Every structure is written in structure tokens, then in C-alpha cells.
There are 2 protein chains.
Amino acid sequence: MYKASIATENFIKAIYKGEQGNSMDTKPGTIAKELGITNAAATDMARKLAMKKLIDYEKYKELKLTPDGTKVALDVLRKHRLWETFLHQVLGLTMHEIHREAELLEHLTSDFLAEKISDFLGNPETDPHGDPIPTDDGEIPETDHSITLSMGEPGNTYKISRLSGSDKEFFDFCHSNKLEIGTSLTVQKHYIKTRMIEIEIQHTKLLLNIDLTNTIYIKKAD
Amino acid sequence: MYKASIATENFIKAIYKGEQGNSMDTKPGTIAKELGITNAAATDMARKLAMKKLIDYEKYKELKLTPDGTKVALDVLRKHRLWETFLHQVLGLTMHEIHREAELLEHLTSDFLAEKISDFLGNPETDPHGDPIPTDDGEIPETDHSITLSMGEPGNTYKISRLSGSDKEFFDFCHSNKLEIGTSLTVQKHYIKTRMIEIEIQHTKLLLNIDLTNTIYIKKAD
DNA sequence: AATTAAATTTAAGTATGCTTAAAAATATAA
DNA sequence: TTATATTTTTAAGCATACTTAAATTTAATT
Ligand SMILES: [Mn+2]
Ligand SMILES: [Mn+2]
Ligand SMILES: [Mn+2]
Ligand SMILES: [Mn+2]
């Protein structure tokens with residue numbers, strides 16, 4: 001299988017993230033900001049990846065992963081989430097610590113080692129954030145049916161299923177406001193103009209920014 | 001602290017290895033062969049590292065690590081050996097597997113994570129090969145007093161303390177000839193011309209090549 | 001629709017880490 | 001000691017992954 005460089009892997013992962021979530025697109029500028037590089041560098045990389053058939057690239061259009069590119073993304077994502085699970089369960093690292101370390105380790109982890117970690121953990125389907133772990137042949141266990149909190153309907157009650165942020169601030173905020181995986185919440189109201197959503201959780205009202213609620217996933221309480 | 005690239009870390013580690021063991025020097029050609037690069041590339045890298053004050057470099061002389069360079073070497077070596085110990089004890093990887101994986105992971109391991117691993121393992125002083133693990137402030141626990149098997153005196157009996165090879169062949173050979181850490185052996189005779197050493201181990205005579213005995217360390221049985 | 005703003009692309013340049021080929025220095029052997 | 005072989009260095013070049021600055025295209029405003 002094609003082995004990409006660290007820069008390439010991070011770039012492709014960023015495109016994948018943009019293709020999936022609703023919080024981000026796959027325009028070069030968006031990818032550039034995500035990775036902390038200039039727009040020029042992103043365009044440059046896009047041209048190179050297009051030549052390697054990892055993305056489809058038309059000038060001034062959004063970047064799109066090819067099947068080969070998607071395979072690279074899922075491979076790295078699998079290793080990322082296996083490391084997060086492992087570091088959390090075995091070494092007891094916190095939510096943002098596991099992400100920070102996995103962001104590095106994911107790039108120098110052999111398929112062999114990934115399998116060993118997966119076996120050790122009992123081949124888990126989700127990581128500690130609730131994100132699904134792709135299988136070694138690039139399938140995503142999407143028995144999930146969760147939606148982002150941004151999509152929650154007013155009046156309905158849900159359980160939090162995924163916290164897909166990455167930095168310390170995000171997890172600190174979630175923790176101090178009882179936004180934890182498994183906790184129930186009721187969506188109250190959408191404020192379109194101010195891009196806020198009002199929820200009630202643990203008898204407390206919260207007004208959350210859409211950018212935040214895009215990274216929080218919920219599931220109908222069964 | 002200065003963060004070196006992967007290529008730089010491997011290069012400096014190779015110099016360190018040459019400075020320590022008796023099996024290798026630190027001439028550019030030797031380092032190049034060790035790393036699988038050309039002599040030209042090694043000279044090139046030597047010039048760059050000299051500018052960064054990580055090595056002392058005089059043309060046509062051996063490469064010598066500065067104190068800063070040695071610090072880099074010990075930092076990477078610490079992470080390498082912590083990973084080897086961890087992967088062996090927790091995931092049950094074999095001797096050559098742990099080396100292969102640690103050779104990669106060592107470069108993308110934060111000081112933070114290294115400490116977590118060390119703590120988890122109870123701050124071990126040696127890795128599964130018997131090699132000492134440098135401390136986080138760059139000390140090597142050399143309470144060891146072991147010598148290479150090449151230095152063993154005829155008639156004396158020793159215990160094997162370290163197996164410092166790295167590839168599968170090496171460990172397969174050691175295993176099938178009972179060359180394991182802790183096993184006793186008696187040095188019989190040195191053959192200078194043919195560069196062989198005769199030993200007796202588990203009632204079996206073995207004739208070993210000097211290149212091999214340079215990577216096997218022994219200690220006077222106490 | 002025309003103007004302005006923002007995003008994207010191109011161009012030129014830099015640092016890293018390699019390569020091959022040729023030149024220079026050192027080591028080995030006759 | 002001189003010739004030969006080996007090692008080391010220099011030189012030129014290439015791919016990756018970035019930068020800044022300028023040109024171009026697209027998007028947003030008036
Ligand atoms: Mn993560
Ligand atoms: Mn990463
Ligand atoms: Mn090793
Ligand atoms: Mn390495």
C-alpha cells in the first residue's frame with residue numbers, strides 16, 4: 001500500500017474531516033487554516049496530491065478525496081483513534097492529551113502495530129470521544145445514527161454520543177458544563193441570526209454557539 | 001529544548017552508537033552504511049549538524065557529538081528503550097519487533113508521553129535487551145559493569161546481561177543457541193586470525209564470530 | 001452592473017535530505 | 001616509496017514542504 005508522508009497524511013485527514021462534518025468545507029483556505037499553513041502551500045499540496053491520484057482537483061473548486069485518498073484518510077484515522085483509546089485506557093491520559101499525542105503517533109505506526117493495539121483493546125468500535133474507529137479494511141462502523149447537536153429538534157431529548165473537539169479548552173468547557181458522553185439533554189430553541197442553540201442539561205439552561213454544537217453529537221434516547 | 005528532525009535524530013543516534021560500542025566507529029562511511037544512505041549524504045549532514053553545534057566536525061576526521069548532540073542522542077535512546085520495554089511487557093511483541101517499532105515511535109514521542117510510559121513501567125533501568133534506559137535528565141544508569149563477550153577472558157564464567165542486536169536473525173540465532181539474558185557461559189579460547197571466540201554454554205561448545213560477540217554483553221557471575 | 005473584498009493561484013525562493021558523478025584526500029599494498 | 005584502492009568531499013540536481021509577494025479569479029457589497 002502507498003505510504004504517504006506526515007504532511008500528506010495530515011493534509012488528507014483535514015480534507016476528510018471537511019468532507020464529513022458540517023463544521024468545515026474542503027476549500028484550500030479552510031484546509032490551510034486547519035493545518036496552520038498558508039493558502040499557497042495548500043494549493044501547492046493539492047496539485048501534488050492530484051498528480052498522485054489521491055485527490056480530485058479542479059482549480060478554484062473544493063478538494064475531493066479519491067477512493068485511494070479516502071483509504072489513506074481512514075488508515076490514519078484508524079491509527080489515531082486506536083492510539084487515543086489505548087492511551088486513555090492504559091496510561092490514563094485525558095481527552096485532550098490523547099488527541100495531542102495521537103496526532104503524532106498516527107504517522108509512524110505500522111499496520112502490524114495497529115493490529116496489536118486493536119487486539120489488545122478487544123477491537124473497539126469507538127474511541128473515548130465516541131468517534132467510530134475504521135476497521136483495517138477501511139470500513140466505518142456506522143451503526144451509530146448520531147447527529148450533531150446543531151441538528152437536534154426543539155422539544156426532543158437526546159443523549160450525548162460523541163465529543164469531537166480536540167483542544168483542552170473544549171474538553172474543559174464540556175466537563176464543567178456536564179456535557180459528557182451519555183448525559184441527557186433537551187433541545188429548547190434555535191437562534192438563527194445569532195447562531196446559538198438553547199439546551200437544558202442537568203436542570204441548567206445553556207446557550208451554545210453553532211460552531212461548538214457542530215462538534216457535539218447526540219442520539220435519540222432509546 | 002532543541003527538537004531535531006527524524007533524519008537528524010537517527011544520524012545522531014548512529015554517531016552515539018559508534019562512540020560507545022567497539023563494533024563501529026564514527027567515520028562518515030560507517031554512519032552512512034548504518035543508515036542506508038550514501039557517503040555524500042553523510043558528509044552533507046555532518047556539515048549541517050556542525051553548524052547547529054550538535055557535532056564537532058573536521059574534514060576527514062571522525063564525527064564527535066558535542067554535549068548538546070549527546071543530549072539529543074540520549075533523549076531519543078530513552079524514548080526508544082522505553083517503547084521497547086512497554087511494547088514487550090504490555091503488547092507482548094518479540095525482541096526484534098519491539099526494536100523495529102521503537103525505531104519509528106522514538107521520533108514522535110513527547111517528553112510528556114515518555115514520562116507517562118516510564119511511570120507506568122515503574123521507571124525501569126533497563127530495556128528487554130538489557131540495555132540501560134537513560135533518565136529524563138540524560139544520565140545513564142551504568143551500575144552495570146558488563147563487558148562485551150569479545151572481551152571475556154578464557155577460563156572465566158559469565159552471565160549474559162545484554163543482547164544488543166536488532167534484527168530477527170540475531171534474536172533467532174540467540175534463542176536457538178540458548179544465548180539468553182541471565183544464562184551462564186564459559187569463555188574457552190580466542191582465535192585471533194579467524195576472528196572467532198569459543199565458548200561453552202549449556203554443555204554445548206559454540207564458535208562465535210567477533211562481530212556477533214561485540215553485540216553480546218556479559219557480567220562476572222556474582 | 002460595477003466596485004470592492006476575499007480567496008486562490010502562480011512565481012520565486014528557502015531549508016531539508018537525499019541522489020549521482022567527479023575531484024581530492026587518505027589509507028593500503030606492492 | 002610509489003602506485004593503487006578506498007574513503008571523503010565537493011558539485012550539481014531533485015523531491016518535499018514550506019514561505020512571501022504578486023497576479024488572477026471568485027465572492028460579496030453597494
Ligand atoms: Mn482525536
Ligand atoms: Mn497528525
Ligand atoms: Mn532497540
Ligand atoms: Mn529511529
Side-chain angles (χ1 to χ4, degrees), chain A residues 2-15 18-19 23-64 68-69 72-73 76 103-104 106-108 193 195, chain B residues 2-15 18-19 23-64 68-69 72-73 76 103-104 106-108 193 195:
Chain A
Y2 174 77
K3 175 61 180 139
S5 69
I6 293 178
T8 294
E9 287 187 348
N10 281 331
F11 196 89
I12 285 179
K13 235 181 48 172
I15 299 174
E19 282 183 349
S23 60
M24 199 181 134
D25 57 45
T26 66
K27 289 186 288 190
T30 312
I31 307 296
K33 190 169 286 176
E34 173 81 10
L35 297 175
I37 60 178
T38 60
N39 287 8
T43 300
D44 200 51
M45 181 65 100
R47 246 190 325 98
K48 286 172 191 162
L49 296 189
M51 290 195 300
K52 289 176 185 156
K53 309 277 185 201
L54 293 172
I55 69 171
D56 287 326
Y57 174 51
E58 283 181 84
K59 288 203 294 189
Y60 304 105
K61 298 273 168 63
E62 291 204 8
L63 311 181
K64 278 209 272 286
D68 275 6
V72 171
V76 182
E103 200 55 60
L104 299 175
E106 61 186 356
H107 306 292
L108 290 181
K193 282 176 303 188
R195 305 181 67 253
Chain B
Y2 175 76
K3 176 60 180 136
S5 69
I6 294 179
T8 294
E9 287 186 348
N10 281 330
F11 197 89
I12 285 179
K13 237 182 47 173
I15 299 175
E19 282 182 348
S23 59
M24 201 181 133
D25 57 46
T26 66
K27 289 186 285 187
T30 311
I31 306 296
K33 190 169 289 178
E34 173 80 9
L35 297 174
I37 60 178
T38 60
N39 286 9
T43 301
D44 200 50
M45 181 64 100
R47 248 191 323 99
K48 286 171 190 164
L49 296 190
M51 289 196 299
K52 291 176 185 156
K53 309 277 185 201
L54 292 172
I55 70 171
D56 287 327
Y57 175 50
E58 284 181 84
K59 288 201 298 191
Y60 304 106
K61 298 274 168 63
E62 291 205 9
L63 311 181
K64 276 209 275 284
D68 276 5
V72 172
V76 181
E103 199 56 59
L104 299 175
E106 61 185 358
H107 305 295
L108 291 181
K193 281 175 302 186
R195 305 181 66 253

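Given the structure is predicted, the values throughout are model-derived calculations rather than measurements. Each chain gets a letter, A, B and so on, in the order the sequences are listed, and its residues count up from 1.
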Write down the protein N/O and nucleotide N/O pairs, taken from nucleotides 24-28 of chain D, whose separation is under 3.5 Å; answer none if there are no such pairs.
| residue | atom | partner | partner atom | Å |
| --- | --- | --- | --- | --- |
| D:dT25 | O4' | A:Tyr60 | OH | 3.2 |

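Between A:Lys52 and D:dT16, a side-chain N or O to OP1/OP2 separation shorter than 4.0 Å is present. Note on B:Thr8: a side-chain N or O is less than 4.0 Å away from OP1 or OP2 of C:dG17. Taking 4.0 angstrom as the limit, B:Asn39 places a side-chain polar atom (N or O) nearer than this to OP1 or OP2 of D:dT8.
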Practice task
Start with the C-alpha distance between A:Tyr57 and A:Leu49, add both sets of side-chain angles, then the distance that settles side chain to side chain contact (heavy atoms under 4.5 Å, CB included), and finish with yes or no.
Solution key: CA-CA 9 Å; A:Tyr57 174 51; A:Leu49 296 189; over 6 Å; no
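Nearest to the side chain of A:Ala7, among D:dT8, D:dC18, C:dG17, sits D:dC18. Of the candidate nucleotides C:dA11, C:dT20, C:dC18, C:dT20 has the atom lying nearest to any side-chain atom of B:Thr38. Closest to the side chain of B:Met45, from the set D:dA17, C:dC18, C:dT10, is C:dC18. Which of C:dT20, C:dT10, C:dC18 sits closest to the side chain of B:Ala40 comes down to C:dT20.
The interatomic distance linking A:Ile37 (CD1) with D:dT19 (P) rounds to 7 Å, in whole Å. For the pair B:Asp44 CG and C:dT16 C1', the computed distance is 9 Å after rounding to whole Å. The interatomic distance linking A:Met51 (CE) with D:dT16 (P) rounds to 7 Å, in whole Å.
Shown here for A:Thr8 and A:Leu54, the closest heavy-atom pair between the two residues is CG2-CD1, 4.4 Å.
Looking at heavy-atom distances under 4.0 Å, A:Ala41 makes contact with a base. No engagement by B:Phe11 is indicated, since no non-hydrogen atom pair under 4.0 Å with the nucleic acid exists. Here A:Lys48 lies in heavy-atom contact (under 4.0 Å) with a base.
Looking at heavy atoms from C-beta onward, B:Leu108 lies in side-chain contact with A:Ile6 at the 4.5 angstrom threshold. Inter-residue side-chain proximity for B:Tyr2 and B:Asp68 is flagged as unmet; no heavy-atom pair is nearer than 4.5 Å. No side-chain heavy atom of B:Ile55 sits less than 4.5 Å from a side-chain heavy atom of B:Lys64.
A salt bridge links B:Glu106 with B:Lys13: the distance from a Lys NZ or Arg NE/NH1/NH2 to an Asp or Glu carboxylate oxygen falls below 4.0 Å.
In this structure, B:Thr26 contributes its side chain and B:Leu63 its backbone to a donor-acceptor pair below 3.5 Å.
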